[in-house]
Amino acid sequence: MTFLAADFFARAAVDVARDLLGATLRARGNDGLWTAGRIVETEAYGGQDDPASHAGRGRTPRSEIMFGPAGVAYVYLIYGVHHCLNFVTEADGEAGAVLIRSLEPVDGQMVMARRRGLDLGRYRRRDLCAGPGKLSQAMGLDLSWNGTPVAADHGPESPSGLRLLLVEAGSAAVDWQAGPRIGISRAVDRPLRFVDPDSDCLSR
DNA sequence: GAATCGATGATCT
DNA sequence: GATCATCGATTCA
């Protein structure tokens with residue numbers, strides 16, 4: 001079992017987004033419970049050259065983290081309602097991030113269902129974490145996760161001294177497809193969304 | 001099934 | 001004051 005390290009994340013966001021497909025994300029939620037899912041949908045966001053990116057208009061208090069070292073989480077609140085989980089990419093000083101959009105549940109499905117407020121008796125697997133907002137809710141993340149290390153060789157682990165996020169490398173190469181990113185209004189036509197087309201746990 | 005719409009708060013101009 | 005990397009409820013079919 002291999003956990004992804006900082007050198008994996010310190011590359012172009014496009015490459016990291018594609019290579020994350022098939023890897024397994026593990027997270028220890030705020031309630032202390034672990035869940036895990038196979039990454040099946042990602043999007044790449046760049047720096048000054050990407051008008052759809054939060055870093056597209058340069059450094060701001062919010063986007064600053066995207067310019068910093070790779071291998072940490074970037075979490076923000078969207079529409080006042082949903083949290084979105086990203087991993088910072090690129091070399092230090094360059095801005096980039098990968099939005100984790102959808103997972104296939106691997107461990108802790110009941111925990112996910114409870115956090116999501118679903119009927120524990122009859123929920124559909126794809127309602128657990130297909131979509132960035134659902135995924136964050138299912139894994140128990142919020143704004144306090146911003147800056148949490150995800151690269152396995154990063155430390156210190158977290159303010160509490162516990163490791164909260166890890167990504168296991170996939171065991172086999174995954175078939176992938178690229179397409180336009182979802183929910184943005186600028187640079188709409190760039191094929192920076194990556195999916196595992198065989199998964200039934202994609203958003204939309 | 002598809003289309004539409006409103007919630008709600010952090011962030012930036 | 002406007003924008004927004006979303007979702008679920010509602011409506012119509």
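Given the structure is predicted, the values throughout are model-derived calculations rather than measurements. What you see below is based on every heavy atom in this structure, not just the backbone, and it leaves out hydrogens, waters and symmetry mates. Below, chain A is the first sequence line, B the second, and so on; all start at residue 1.
In the set dT11(B), dA5(C), dT6(C), the nucleotide with an atom closest to the side chain of Arg62(A) is dT11(B). Considering only side-chain atoms of Val81(A), the nucleotide from dA7(B), dC4(C), dT11(B) that sits closest is dA7(B).
Between Arg11(A) and Asp19(A) there is a salt bridge, since at least one side-chain N of the basic residue sits less than 4.0 Å from a carboxylate O of the acidic one.
Between the CD1 atom of Ile78(A) and the C1' atom of dC12(B) there is a distance of 13 Å, rounded to whole Å. One interatomic measurement links the two molecules: CZ of Arg186(A) to P of dA2(C), which rounds to 16 Å at whole-angstrom precision. The distance between atom CG of Leu77(A) and atom P of dG9(B), rounded to the nearest whole Å, is 8 Å. To the nearest angstrom, C1' of dA5(C) lies 16 Å from CG of Asp189(A). Arg57(A) places its CZ atom 8 Å from the C1' atom of dC12(B), with the value rounded to the nearest Å. Spacing between atom CD of Glu64(A) and atom C1' of dA10(B) amounts to 17 Å, rounded to whole angstrom units. Between the CZ atom of Phe194(A) and the P atom of dA5(C) there is a distance of 18 Å, rounded to whole Å. Straight-line distance from the CG atom of Leu99(A) to the C1' atom of dT6(C): 11 Å, rounded to whole Å.
Arg125(A) forms no cation-pi arrangement with Tyr123(A), by the criterion of a distance under 6.0 Å to the ring centre and an angle within 45° of the ring axis.
Tested against Thr42(A) for a side-chain contact (heavy atoms from CB on, under 4.5 Å), the candidates Val16(A), Val14(A), Val98(A) yield a single pass: Val98(A).
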What does the B/S/- profile of nucleotides 7-13 of chain C look like, 5' to 3', with a 4.0 Å heavy-atom cutoff to protein? SS-----

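Between Thr60(A) and dT11(B), a side-chain N or O to OP1/OP2 separation shorter than 4.0 Å is absent. When the side-chain nitrogen and oxygen atoms of His54(A) are compared with OP1 and OP2 of dT11(B), none of them lie within a distance under 4.0 Å.
Of all non-hydrogen atoms in Ala6(A) and Ala151(A), the two that sit nearest each other are N-CB, 3.4 Å.
Residues Arg181(A) and Val188(A) form no side-chain contact, since every pair of their non-hydrogen atoms from C-beta on lies 4.5 Å or further apart. In this structure the side chain of Tyr76(A) never reaches within 4.5 angstrom of the side chain of Asn146(A), judged on heavy atoms. In this structure, Leu77(A) and His83(A) have side chains that are in contact, with non-hydrogen atoms separated by less than 4.5 Å.
Residue Tyr76(A) places no side-chain atom within donor-acceptor reach of the base of dA10(B), judged by atom type and a 3.5 Å distance cut-off alone.
Heavy-atom neighbours of Glu94(A) CD from other residues, nucleotides or ligands within 6.0 Å: at or below the threshold of 12.
Projected onto DNA chain B by closest heavy-atom contact, Gly80(A) and Ser63(A) fall at different nucleotides, the more 5' of which corresponds to Gly80(A).
Counting only Watson-Crick and G-U wobble pairs whose two distances sit under 3.5 Å, DNA chain B takes part in these stems of three or more pairs: B:1-7 with C:6-12, B:9-12 with C:1-4.
Residue-level contact check: Ile184(A) touches the backbone only, with heavy atoms under 4.0 Å from sugar-phosphate atoms and none from bases. As judged by a 4.0 angstrom heavy-atom cut-off over every strand, Ala97(A) is placed among residues making no nucleic acid contact.
Side-chain N or O atoms of Ser102(A) include one that pairs as donor or acceptor with a backbone N or O of Gly131(A) at under 3.5 Å. Remark: side-chain polar atoms of Arg116(A) are paired, donor with acceptor, to backbone N or O of Asp127(A) under 3.5 angstrom.
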